[in-house]
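Following: one structure in structure tokens, then a few remarks.
Predicted model, so just to flag it, every value in this text is computed and none were measured. In each ligand, atom 1 is the first atom listed, and ligand 1 is the first ligand listed.
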Amino acid sequence: MSKEHVDMWKELGLDLEAHDGLLGILGQAYGDIFLSQKNRPEGMKYFDFVVSEVHGLRIKELIEEKKKGNLVVGTFCVYVPEELVLAVDGVQIGLCAGAEVGFEKAEEHLPRNTCALIKAFVGFRLADLCPYTEVADFVVGETTCDGKKKAYELFSGFKDLYVMEIPQMKRESDRQLWKTEILRFRDELEKRSGKKITAEGLKKGIEIVNEKRKALQRLAKIRYKHPSVISGRDALLINQISFYDNPARFIGSVNTLCDELEERGKSGVSINGNSFKKIVMSGCPMAVPNWKTPFLVESAGAAIVAEESCVGERNTRDMIAGYGDSLETMLESLVDRYMKIDCACFTPNEERLENIIKMVRDSKADGVIHYSLQFCTPYLIESKKVQERCRKEGIPYLTLETDYSSGDMEQLKTRIEAFIEKL
Ligand code: BJ8
């Protein structure tokens, strides 16, 4: 690792020894899960490079942005509108929370039976492990599940935190509440950046994020049509990287990859032969480096053809449409777009069931694997509804409940293999 990076981490206050350990685990897992794949598309080289520099060059770029006077905003949820951050020339970074490295510290403050994602974001901060959390000017929390809501009260003791209130239902009064929250967030960004959000600035933000979603939608559609041109774990990785890479560079790289994948599709190039079963993964978001379950599913001879999660199509399916030219119409379109997100924290949440079935039909998948983190009440309870709906539609279904440890790998492997064999 270059001395320049080490100096930068020191300045950010990282625990260098623990951080070295984290990078070691990350590098090993990346080699085993991603680089060992045969016949990967050439276009994945860009994303390999991004991962190899995830705590290096990208952090350096963020520090440069700060020197220019631009805000760096950390987030944990797809409800936080990146368009508004871009409208003040800021950078929005989705913070990962996909490893159990800081759990010991987190459990000094949180009950052990807290979901792994929450323990990870608290642990990363307390163990001084995440350069993104450290470099962010502030972090935006949100009132989604109860665990996150209460953990943010604790987190605010260790990091500058702003919380958005997310409604839990989708009635007109809830939309009003959400609009108020969007306007409050706009005011906060203006205050912190010293810049006014103009129609021109917001339009630029909307166009960039729409382009990002369009590129990821293109990738999703190619996988529906040609399920064997790219692995599901590579597609997941690209979705994960979408949360922290430079947007313009990311969009260009996804589109270049998609050109290659379309060519592969036409010439019948395959990464896994043609005798595989197609799976839609559905449920909790998988943050970097939480690659355990996709790896097990694909190692069992199946191809993941779509992700029904926030690191997947829940985040990319809806564009901001009909936004017009005035600030007012743009803000209204923004409010509408984010109200469509079908997170299990909402009640009722029937549209999620419709979306899952549509994804299965569109991708011609053979089955659904539902993935919940342990102690995640919203997704665990909703998994019963997903199961029931799949049963009615005649779609084979498997539900998994796990965490970030490797202790249950064998048990998961057995269940996944048995499910795929039956398809
Ligand atoms: S919009 S899914 S990113 S809240 S896994 S912390 S729900 S107990 S992450 Fe999420 Fe926003 Fe919803 Fe998406 Fe709680 Fe469950 Fe843990 Fe979770």
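Checked against a 6.0 Å centroid threshold, the rings of Tyr132 and Phe124 do not count as neighbours.
Short contacts between ligand 1 and Cys284, defined as distances under 4.0 Å to a heavy atom of the residue, involve ligand atoms 5 (S). Atoms of ligand 1 lying under 4.0 Å from at least one heavy atom of Cys115, given by number and element, are 5 (S), 6 (S), 8 (S), 16 (Fe).
Within the 3.5 Å criterion, the main-chain N or O of Arg317 finds no donor-acceptor partner in the side chain of Arg213. For the pair Gln240 (side chain) and Met286 (backbone), a donor-acceptor distance under 3.5 Å is present. When atom types are taken as modelled, the side chain of Lys413 and the backbone of Leu296 share no donor-acceptor pair closer than 3.5 angstrom. Checking side-chain atoms of Asn210 against main-chain N and O of Ile320 turns up a donor-acceptor pair under 3.5 Å.
Lys60 pairs by the salt bridge (Lys or Arg N to Asp or Glu O under 4.0 Å) definition with Glu4, not counting sequence neighbours. Remark: His19 engages Trp9, His55 in a ring pair (Phe, Tyr, Trp, His ring centres under 6.0 Å) (not counting sequence neighbours).
What sits closest to atom 14 (Fe) of ligand 1 on the protein, heavy atoms only, is Cys145 SG, 2.3 Å. If you check which protein heavy atom lies closest to atom 10 (Fe) of ligand 1, you get Lys148 NZ, 3.8 Å. Here the heavy atom of the protein found nearest to atom 15 (Fe) of ligand 1 is Cys376 SG, 2.3 Å. Closest to atom 2 (S) of ligand 1, if we only count protein heavy atoms, is Tyr379 OH, 3.2 Å.
Only the side chain of Ile118 comes within 4.0 Å of ligand 1, judged by heavy-atom distances.
Here the CD atom belonging to Glu401 is positioned 11.0 Å from the NE2 atom belonging to His370, to the nearest 0.5 angstrom.
Note that atom 17 (Fe) of ligand 1 has no protein non-hydrogen atoms nearby, at separations under 4.0 angstrom.
Identified under the side chain to side chain donor-acceptor pair (under 3.5 Å) test for residues 114-129, with sequence neighbours left out: Glu107-Lys119, Arg125-Asp128, Arg125-Glu134.
Distances from atom 13 (Fe) of ligand 1 under 2.8 Å pick out these protein N/O/S atoms: Cys310 SG.
Using a 3.5 Å distance cut-off with no hydrogens or angles, the side chains of Thr144 and Glu142 do pair a donor with an acceptor.
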